[in-house]
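Per chain, numbering begins at 1; letters A, B, ... match sequence-line order. Scope of the values below: all heavy atoms of this structure, side chains included, with no hydrogens, waters or symmetry mates.
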Number of protein chains: 2
Amino acid sequence: MLQTGLMMDRPLMLSDVIEHAALQFGDVEVVSRETHGPLFRYTYADCAVRARKLANALAGLGLEPGSAVGSIAWNNHRHLEAYYAVSGSGMVMHTCNPRLHPQQLIYIINHAEDQVVLFDATFAPLVKGIAAHCPKVRAWVCLAEAEHTPAIEGVDNVLAYETVIEPCSDVFEWPSFDERTAAALCYTSGTTGHPKGALYTHRSIVLNALSGCLPGVLALGPDQSLLPVVPMFHINAWCLPYAAPMSGTKLVLPGPKLDGQSLYELMEAEGVTISAGVPTIWQALLAHVDQNGLKFTTMRRTGVGGSAMPQALIARFMEDYNVDVRHGWGMTETTAVATISALPPEASGWTPPECHALLAKQGKSLFGVELKIVDESGATLPRDGRAQGELMVRGHWIVSAYFKGEKSPLVDGWFPTGDIATISADGIMQIRDRTKDVIKTGGEWISSIDLESAAVAHPAVAMAAVIGVKHPKWDERPLLFIVRKPGQSLEKDEILAFLTERVAKWWVPDDVVFLESLPVGGTGKVQKADLRKNYGGVFS
Amino acid sequence: MLQTGLMMDRPLMLSDVIEHAALQFGDVEVVSRETHGPLFRYTYADCAVRARKLANALAGLGLEPGSAVGSIAWNNHRHLEAYYAVSGSGMVMHTCNPRLHPQQLIYIINHAEDQVVLFDATFAPLVKGIAAHCPKVRAWVCLAEAEHTPAIEGVDNVLAYETVIEPCSDVFEWPSFDERTAAALCYTSGTTGHPKGALYTHRSIVLNALSGCLPGVLALGPDQSLLPVVPMFHINAWCLPYAAPMSGTKLVLPGPKLDGQSLYELMEAEGVTISAGVPTIWQALLAHVDQNGLKFTTMRRTGVGGSAMPQALIARFMEDYNVDVRHGWGMTETTAVATISALPPEASGWTPPECHALLAKQGKSLFGVELKIVDESGATLPRDGRAQGELMVRGHWIVSAYFKGEKSPLVDGWFPTGDIATISADGIMQIRDRTKDVIKTGGEWISSIDLESAAVAHPAVAMAAVIGVKHPKWDERPLLFIVRKPGQSLEKDEILAFLTERVAKWWVPDDVVFLESLPVGGTGKVQKADLRKNYGGVFS
């Protein structure tokens, strides 16, 4: 009969994260861009004090453990305080992506039953449009002082954050409860049907955040300064607002100013050593750095995920800017990072392109996450780097069900990701495509991701996307979309010749469409559904 | 009402650690010194295969979940396999300190109800002496091939490890169970009364091991090579045999050869970058390096704990050998590391002695561990770096009770450590003494540790110890014991004059006793009880 061990049985609690930071790293700075412009700075000790005041304020507004609080906000210090006050009180922090369609925002606020919604003044027009349709919201709290809180026509329950917390005590006894209690809620930006909610627990977030601090992931600690560009409304900014105070890392929050110049200046001014974000956000930053002949003087590494990082972009970071790329994979359903790419010790003898090629893969699963790939019958495929199948994942920070979902998405206890991947014998996973994006031609699969990566390696290409188009003989054939870089010329024959040298002959797209821009959705991903709607006819 | 989150509910299991390593870091090496001399090397994938064979073998010997398996063994690969096979099967891995008195060994083996005891051939004489008194042990398994397994007179149930596992299948379905299940058992080497057992859980070990991988602790990862000198019979070698495979770190196990030359040569041959052990083990290593004019070519940092690391030794590591010292604090009851010392970013402007002084403190608590100091009435004392009180600790990897203990050692949910400490406003804890070692004089306290540290800073002093001796006027007064370095002369007046310049006048010991050696116990700590017995009279 199993013996029960004799260790203290204490829950993993998010309130312990901020109180740990206040006690051990009380003078470590948090720097935050106010929505109205200036920089604000304080410490983790200050942050904990204000989180406790907000916890008292939320209780004063009549909220209780289990209540949901929404946010439509940038990465800033008040949003950070809310992360801890809300979850620490046993409530659910529901971060809303402001780039969602207003109808979707209304849907998720009502579905989550948000009783208070925190918002930045930037989004006042959005609030104006949706407030009347969200009858359960008692108060819309602007993350600002009274003087920077706009009146919103037709919305009479707008409060200023500073006015709300000012009279409250900074003494608050954080409750202790089951670590499997819901702490945060994030909806996928599903392109079909209603958004679906991932309901994170205190346990899953603590374990994910702790893993994010590891040397092979972002290597956080008191000697580092972290700027998460990944939004706090996007999977809790990959749990970095938890990992930073847990590890005593200085936190730099860029607020609404995400243009290349603003990010660069903030990084330099605050000695930022680590950043993190989706691949698309780096384009503007690198363009600014290039055009002005600048260098990163303190940045050492950047976490990248959300969609595949093209090898060409990895090469630029590492060779031109001397910034290490930590390329990972995760999704809303995996509470941020699940796999991370890293060079093995023997890479010291490799050429730069060999290193970049390995880092362009999604890498190995972290301890606590297991991967497998399966064929269409659900049978496990070999880990040989060649067999492609749907990626299945399970672990401590993977969803078991969607919030108020009707049926579990799990298959035999594994979450089906919808990604097509390979796994090598040494555990390196590579995403080849989305199940819905893969192009089936003549009984074989073409990876749209690989084709896109090959195309963006051309010096005149700014962006590329590939979709499958019905074909009478081959079932589907690839159609390539190209956005040229400003001032560059590039024609169909030239890009197809370029690709012919780089991919299998039968992968070369049947046609190329040049566009001024590509449709990009709320999380920075190209919306292929839109391309399919407009261009998905039939090749003849 | 609290909402339950929707994440997979999977237990933290030690079997997942070795299987994670086998899948993600299958070709990372484990190098192990055989008890009979030669080096053995294989990979984490091999280790997992053999752990599964051993799990089948233990089941074949009639053991069941909940059974206890003892070990009296060095740091080697078979001991590592046993860690995973035993705990992964839901059994309890009971590591025995071979330096305990045979009567204590008999006591703990019977108290733990070990059904099998694994031992290294070195300890065959020990087994011969205790086996008859351990009637519940079905088999004494020597961690060797048959040819290196000695016959032990009077013990007929001796088996060879390789013979035991050889016929077994390498397929074993690790059971999944509550993460609060006992995984390992380690007894304190209590100087009074019977040893007391700390019964670690899968959860506590996984959380501790994960924290040990963090950049601010040992910074483990696939680019590192770790040699734990701290024995696997001493608090699971501070959980490093779990942290290494979890993080893909190469593991170098020194077996019985712990002399300075053997350790140095192994470190150089295997590219060891990180080591860990109690302060006393470094003396022989540094002596060898000094005497032969050597350097560490790959070692970058070493974890130190178990007893306070003298500042002078920290200085030698950092200045003479360019090895970073990660000085921490923990005890059997805290599943290894609980606090760790680290230089803050502003230390870049400090002098070396300022850095060493900070690193000589025990540092900040890791996330998951909380500290406080209390006075004799149990009232919490201020975190001001001056107030001294008993250190109390609580957290995810702290004992709640002793194995088969009659009453809980906890006070209001906190474990009283028996250490006297200060905590500064920025969270830095410093051990000042053991409650039983503190010297009370004229209503004030003298720290025996501080006095000892001051004394060993004298170039002629090899070891120093201080005890309190009854005094008619002052209650107690300090008595200093000195072991001179070989060939050095040092007299009482000289060392007292040296101390007078370094400590408060009323701290200067009343007398000095020069000895050839100090009594050192099973875990390398000076046994002050012995000194008190022989020298603890009354000052007149």
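- Surrounding CG of A:D412 are at most 12 heavy atoms belonging to other residues, nucleotides or ligands under 6.0 Å away.
- When atom types are taken as modelled, the side chain of A:Q3 and the backbone of B:A182 share no donor-acceptor pair closer than 3.5 angstrom.
- The candidate from A:S365, A:G221, A:A401, A:G405 with the greatest count of non-hydrogen atom pairs under 4.5 Å with chain B is A:S365.
- Chain A forms the most heavy-atom pairs under 4.5 Å with one residue out of B:S348, B:S204, B:G216, and that residue is B:S204.
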What's the verdict on side chain to side chain contact (heavy atoms under 4.5 Å, CB included) for A:L6 and B:V399, showing C-alpha distance, side-chain angles and the deciding distance?
CA-CA 6 Å; A:L6 294 168; B:V399 292; 5.8 Å; no
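- Both the backbone and the side chain of B:V17 have a heavy atom closer than 4.5 Å to some heavy atom of chain A.
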Go through A:M8 and B:F415 one step at a time and tell me if the side chain to side chain contact (heavy atoms under 4.5 Å, CB included) criterion holds.
CA-CA 9 Å; A:M8 289 184 187; B:F415 177 77; 4.1 Å; yes
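- Looking only at side-chain heavy atoms (C-beta outward), B:L12 and A:R203 come within less than 4.5 Å of each other.
- In terms of heavy-atom pairs under 4.5 angstrom with chain A, the leader among B:Y200, B:Y402, B:F25, B:W397 is B:Y200.
- Looking only at distances, a side-chain donor or acceptor of B:H396 sits under 3.5 Å from a matching main-chain atom of A:R10.
- Using a 4.5 Å cut-off between heavy atoms, B:L366 contacts chain A through its backbone alone, with no side-chain atom that close.
- With chain A as the partner, the residue from B:S400, B:S408, B:G90 showing the most heavy-atom pairs under 4.5 Å is B:S400.
- Heavy-atom pairs under 4.5 Å with chain B were tallied for A:A425, A:P222, A:G395, A:P344; the largest tally goes to A:G395.
- Heavy atoms closer than 4.5 Å to chain A are found in the side chain of B:H20, but not in its backbone.
- Across every non-hydrogen atom of B:G5 and A:T201, the tightest pair is CA-CG2, 3.5 Å.
- With a 4.5 angstrom heavy-atom cutoff, B:V92 touches chain A only via side-chain atoms.
- Interface check for chain B: of the options A:Q24, A:K364, A:R180, the most heavy-atom pairs under 4.5 Å are formed by A:Q24.
- Of all heavy-atom pairs spanning A:C213 and B:P215, the tightest one is O-CD, 3.1 Å.
- For A:S247, no part sits under 4.5 Å from any heavy atom of chain B, backbone or side chain.
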Chi angles and distances behind the side chain to side chain contact (heavy atoms under 4.5 Å, CB included) call for B:D223, A:L343
CA-CA 9 Å; B:D223 53 343; A:L343 294 175; over 6 Å; no
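- Only the backbone of B:P11 comes within contact range of chain A, with heavy atoms under 4.5 Å apart.
- Interface residue A:L220: only backbone heavy atoms are found under 4.5 Å from chain B.
- Taking B:Q224, B:R383, B:H202, B:E370 one by one and counting their heavy-atom pairs under 4.5 Å with chain A, the maximum is reached by B:R383.
- With chain A as the partner, the residue from B:G363, B:P65, B:G427 showing the most heavy-atom pairs under 4.5 Å is B:P65.
- For the pair B:L199 and A:T4, the tightest heavy-atom approach, listed with the atom from each and the gap, is CD2-O, 3.5 Å.
- Residues B:F177 and A:L2 approach most closely at CB-CD1, 3.6 Å, considering heavy atoms.
- With chain A as partner, the option from B:M7, B:M246, B:E19, B:R394 having the largest number of non-hydrogen pairs under 4.5 angstrom is B:M7.
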